[in-house]
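One structure is given below, encoded as structure tokens.
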Amino acid sequence: MQYITAGESHGPQLTAIVSGVPAGLAISEEQINSSLARRQSGYGRGGRQTIERDRAVIASGVRFGRTMGSPITLVVRNRDWENWSERMAAFGSAPSDLVREVTPRPGHADLVGALKTNTDDCRNILERASARETAARVAACGIAREFLGDLGVEVFSYVTSVGDVALPEGDPMAAAPTYSPLDIEFSEMRCPDEGTTEAMKAAVRAARDAGESLGGTFRVVVTGLLPGLGSYASGPERLTSRIGAALFSIPAIKGVEFGLGFEAARRPGSRVHDPIVLADGGFTRSSNNAGGLEGGMTSGMPLVVTAAMKPIPTLMRPLDTVNLDTLEVEQASRERSDVCAVPAAAVVAEGEVAFALADAYTEAFGCTSMADVKASIRAYKQRLRTMSR
Ligand code: EPS
């Protein structure tokens with residue numbers, strides 16, 4: 001399963017094309033649109049989210065609510081396009097009052113993108129580098145979520161820290177699968193603890209008042225996975241590298257930890273590895289420090305992966321930069337932006353992880369029709385049962 005996106009932040013629309021989806025998968029517009037709405041939400045987001053009402057229109061590949069096995073096109077309209085149609089026109093000449101972006105923001109793609117592509121207007125870069133693109137990803141990944149949902153696999157996420165405010169957790173690996181999805185969805189920070197949510201919101205308010213931005217960490221949890229997805233056989237096939245790459249593909253993601261993550265490097269082996277036991281007629285683990293991956297494959301335990309997001313580069317009290325026209329030191333450009341988008345990034349990450357897993361499922365069990373995928377999974381489960389008897 002693969003997807004590609006196209007579209008600029010202030011162009012007419014974002015487009016995603018998803019290929020490799022089995023025929024016969026039921027698709028719910030509500031599910032995809034609720035993920036899009038969750039991506040737009042969160043305390044600390046900027047003015048753009050009051051303009052947009054992201055909804056995905058399916059333009060190919062689905063008929064009467066079911067996939068046909070052909071590429072699926074999803075379109076998310078940019079309502080802000082109305083305000084940008086002259087400045088972002090595909091043809092004609094630039095309006096006489098066009099202000100080029102010549103003061104690149106440290107931490108954004110502005111400068112390096114302009115140097116790389118030989119442009120004197122960083123807008124050509126930032127329009128595509130903007131995290132607005134993640135709306136198209138969430139739409140595309142909604143297809144993968146439907147696929148996993150049909151196979152009994154659930155994906156959710158929660159925010160574990162914003163700036164220096166952290167969710168207090170005893171054993172995060174044990175706690176991760178037990179948080180209540182409702183507590184997470186009702187929190188404006190996607191944090192399952194009410195007190196921590198309030199402290200995170202206060203940190204966002206303080207950052208806003210100081211002209212600052214804030215990053216943080218979040219966790220994605222996946223339950224109901226079969227063991228053996230991915231492969232130990234070669235580097236690019238390892239699910240660890242595939243999920244890692246998927247998460248690092250999200251703008252602003254600077255770190256990814258599986259299970260105990262860096263903490264595992266501090267402990268002796270006996271306090272890291274998860275004892276193998278037989279339970280309910282199958283092999284399982286009595287703990288989940290590995291976060292559901294062993295040898296580059298799913299172990300059958302919940303997948304638990306934590307990622308770190310840097311603060312958004314657009315600052316209302318900007319850092320110094322160099323003006324591309326004058327080569328003088330100036331303050332970096334100030335654009336409408338978010339103070340904190342960690343809850344939104346968590347929703348994007350749910351989708352990315354779901355997509356990597358859906359791809360691993362179709363690799364193992366086929367991608368022609370849902371009936372064949374399910375028959376293949378039944379046979380695999382049956383064989384696993386015979387191996388633990
Ligand atoms: C975003 C839309 C953007 C930004 C933000 C994410 O809208 P605009 O630039 O029109 O305000 O709010 O983009 C960034 C944080 C970034 O660094 O580019 C969105 O829809 O998620």
Side-chain angles (χ1 to χ4, degrees), residues 5-16 32-33 35-56 74-88 99 101 103-114 121-142 157 159 162 188 190 204 207-208 211-216 218 249-254 309-316 318-319 321 332-352:
T5 73
E8 278 76 41
S9 179
H10 304 98
Q13 66 183 50
L14 300 165
T15 309
I32 297 174
N33 288 330
S35 290
L36 283 168
R38 291 191 304 125
R39 192 204 73 93
Q40 283 202 270
S41 68
Y43 193 81
R45 302 231 62 196
R48 179 71 182 270
Q49 305 314 323
T50 58
I51 300 174
E52 303 298 343
R53 300 275 178 282
D54 292 342
R55 292 188 69 77
L74 302 108
V75 172
V76 179
R77 197 165 73 84
N78 288 323
R79 285 165 61 133
D80 209 14
W81 160 247
E82 272 178 33
N83 306 315
W84 288 81
S85 55
E86 288 180 12
R87 284 173 288 172
M88 290 298 294
V99 180
E101 292 289 344
T103 48
R105 291 160 297 170
H108 216 287
D110 302 352
L111 174 64
V112 188
D121 187 353
C122 295
R123 180 150 300 284
N124 285 2
I125 311 306
L126 70 89
E127 280 292 331
R128 182 65 187 157
S130 164
R132 173 81 191 140
E133 184 260 351
T134 60
R137 293 186 190 216
V138 168
C141 294
S157 70
V159 172
V162 164
E188 284 179 275
R190 297 196 65 70
V204 170
R208 178 180 291 132
E212 276 290 359
S213 59
L214 279 184
F218 57 83
S249 80
I250 302 170
I253 298 305
K254 293 289 146 192
M309 180 190 199
K310 71 177 181 181
I312 280 166
T314 311
L315 301 178
M316 291 308 139
L319 292 172
T321 189
S333 58
R334 222 176 305 203
E335 293 228 345
R336 173 185 64 195
S337 188
D338 311 299
V339 177
C340 174
V342 179
V347 175
V348 178
E350 285 176 20
E352 284 291 341

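Each ligand, and each atom within it, is numbered from 1 in the order the structure gives.
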- Query: Is there a nitrogen or oxygen of Arg45 sitting under 3.5 Å from a nitrogen or oxygen of ligand 1?
  - Reply: yes
- Please say whether Arg48 places an N or O atom under 3.5 Å from an N or O atom belonging to ligand 1. yes
- ligand 1-proximal atoms of Arg336, by part, heavy-atom distance under 4.0 Å: both
- Query: ligand 1 versus Gln49, non-hydrogen atoms closer than 4.0 Å: side chain, backbone, both, neither?
  - Reply: side chain
- Query: What's the shortest distance from atom 3 (C) of ligand 1 to any protein heavy atom, and which residue and atom give it?
  - Reply: Ser130 OG, 3.8 Å
- Exactly one of Arg137, Arg132, Arg79 clears salt bridge (Lys or Arg N to Asp or Glu O under 4.0 Å) with Asp54, and that residue is Arg132
- Item | Salt-bridge criterion met for Glu127 and Arg87 (N-O under 4.0 Å) | no
- Minimum side-chain heavy-atom gap Gln49-Arg39 below 4.5 Å: yes
- Task: For atom 16 (C) of ligand 1, find the nearest protein heavy atom and state the residue, atom name and distance (0.1 Å precision).
- Result: His108 NE2, 3.5 Å
- Item | Minimum side-chain heavy-atom gap Phe218-Ile253 below 4.5 Å | yes
- Classify the contact between Gln40 and ligand 1 as side chain, backbone, both or neither, using a heavy-atom distance cut-off of under 4.0 Å. neither
- Give the residue, atom name and distance (to 0.1 Å) of the protein heavy atom nearest atom 5 (C) of ligand 1. Asp338 OD2, 3.4 Å
- Note on the structure: For atom 21 (O) of ligand 1, the closest protein heavy atom turns out to be Arg39 NH1, 2.7 Å
- Is a salt bridge present between Arg190 and Glu350, judged by a nitrogen-to-oxygen distance below 4.0 Å? yes
- Could you pull out the closest heavy-atom pair between Pro313 and Arg105, with the gap in Å? O-CB, 4.5 Å
- Contact atoms of ligand 1, heavy-atom distance to His10 under 4.0 Å: 8 (P), 9 (O), 10 (O)
- Glu86 atom CD, over 12 foreign heavy atoms within 6.0 Å: no
- Can you find an N/O atom of Ser9 closer than 3.5 Å to an N/O atom of ligand 1? no
- Note on the structure: In terms of heavy-atom contacts, Glu101 and Arg123 come closest through OE2-NH2, 3.2 Å
